[in-house]
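Take a look at the structure below.
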Amino acid sequence: MHITARVDYALQTMVALAESEHTPVPAIEIAERLDLSYTYLLTIVGELRRAGFITMRRGPAGGLQLAKPAQSITLGEIVTAIDGPLTLADGTQPETAADHAADGLLPSLWATAHQAMMDVLSQVRLSEARSTRAADPA
């Protein structure tokens, strides 16, 4: 399975906000930390905001902040908010394609693999990702 750059940056952004859960973090600070253009980060922030994960405050004491506790957000929810559901090259969803016996094994296999990955990501809370990163000496 391929994790897109957008998903990776969204997850890293959310972890950075979870590390400062009660203090707004300037978007430019996150962009610099991730070595990412400010404009591209704002695109990702917009998606996270529309999904209800973050809020944005303007002004000198403003910045980005989690909209709800890190404990209540899973990595799977973030991935789905950014990339949406899994689709095959022809635009169909493997769950739908797998229902048709004539489609063969592959659509069913993609659906099973995707579901296994999402099951793992849905068990990891943002607060756990924050704790793991904070404990990592690198």
Side-chain angles (χ1 to χ4, degrees):
M1 309 299 322
H2 177 77
I3 302 297
T4 64
R6 257 183 36 232
V7 164
D8 185 43
Y9 289 130
L11 290 169
Q12 289 185 62
T13 297
M14 292 294 289
V15 168
L17 294 177
E19 290 171 348
S20 302
E21 192 164 358
H22 303 291
T23 307
V25 179
I28 191 71
E29 185 179 305
I30 294 173
E32 289 170 356
R33 182 189 303 185
L34 300 179
D35 194 27
L36 190 62
S37 85
Y38 180 72
T39 305
Y40 187 55
L41 177 68
L42 289 183
T43 301
I44 293 167
V45 164
E47 293 177 58
L48 292 169
R49 204 168 121 228
R50 281 187 292 283
F53 293 126
I54 63 172
T55 59
M56 195 177 212
R57 237 175 35 198
R58 296 182 187 266
L64 307 174
Q65 198 167 5
L66 293 179
K68 49 189 173 181
Q71 178 62 31
S72 68
I73 303 170
T74 68
L75 300 188
E77 291 172 321
I78 298 167
V79 170
T80 300
I82 298 298
D83 268 0
L86 177 69
T87 55
L88 299 174
D90 66 1
T92 62
Q93 292 186 344
E95 292 82 2
T96 305
D99 292 338
H100 305 289
D103 290 339
L105 173 69
L106 288 179
S108 177
L109 181 62
W110 301 147
T112 302
H114 175 72
Q115 189 58 52
M117 181 179 80
M118 291 308 295
D119 286 348
V120 169
L121 292 173
S122 294
Q123 292 176 20
V124 180
R125 302 214 170 271
L126 184 58
S127 57
E128 295 167 326
R130 171 193 64 203
S131 299
T132 302
R133 180 175 167 169
D136 186 8

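As a basis for the values below, the full set of heavy atoms in this structure was taken, side chains included, without hydrogen atoms, waters or symmetry mates.
No hydrogens or angles considered: a donor-acceptor pair under 3.5 Å links the side chains of Q71 and S127. For D119 and Q123, the side-chain atoms include no donor-acceptor pair closer than 3.5 Å.
Across all their heavy atoms, R33 and A16 have their closest contact at NH1-CB, 3.3 Å. What you find for A70 and A18 is that their closest heavy atoms are CB-CB, 4.0 Å. Closest approach of G52 and A67 over heavy atoms only: O-CB, 3.4 Å. Shown here for I3 and D8, the closest heavy-atom pair between the two residues is CG2-N, 4.3 Å. Considering all non-hydrogen atoms of both residues, V79 and M118 come closest at CG1-SD, 4.2 Å. Heavy-atom minimum distance, A31 versus L41: N-CD2, 3.6 Å.
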Original post:
Please walk me through it: do R6 and Y40 pass side-chain contact (heavy atoms from CB on, under 4.5 Å)?
Top reply: CA-CA 9 Å; R6 257 183 36 232; Y40 187 55; 2.9 Å; yes
Original post:
Step by step, would you call E19 with V25 a side-chain contact (heavy atoms from CB on, under 4.5 Å)?
Top reply: CA-CA 10 Å; E19 290 171 348; V25 179; over 6 Å; no
Subject >> Stepwise side-chain contact (heavy atoms from CB on, under 4.5 Å) check, M14 with L66 >> reply: CA-CA 8 Å; M14 292 294 289; L66 293 179; 3.6 Å; yes
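A distance of 12.5 Å separates CD in E47 from CD1 in I78, rounded to the nearest 0.5 Å. We find the CZ-CD1 distance between R49 and I44 to be 15.0 Å, quoted to the nearest 0.5 Å. Note: M117 CE to S122 OG = 9.5 Å, rounded to the nearest 0.5 Å. Here CG of L48 is found 6.5 Å from OG1 of T13. Values are rounded to the nearest 0.5 Å.
Placement of L42 and V7 within a single hydrophobic cluster is found when ILVMFWY residues are connected by side-chain heavy-atom separations under 4.5 Å, directly or transitively. I30 is connected to I28 through a chain of hydrophobic side-chain contacts under 4.5 Å among Ile, Leu, Val, Met, Phe, Trp and Tyr, so both are in one cluster. Under the 4.5 Å side-chain heavy-atom criterion for Ile, Leu, Val, Met, Phe, Trp and Tyr, V120 and L11 are members of distinct hydrophobic clusters. Taken together through direct or relayed side-chain contacts under 4.5 Å among Ile, Leu, Val, Met, Phe, Trp and Tyr, V124 and L126 form part of one hydrophobic cluster.
R57 places a side-chain N or O within donor-acceptor distance of the main-chain N or O of A61, the cut-off being under 3.5 Å. Remark: the backbone N or O of S20 is not paired with any side-chain donor or acceptor of T23 at under 3.5 angstrom. The backbone N or O of T74 sits less than 3.5 Å from a side-chain atom of E77, completing a donor-acceptor pair.
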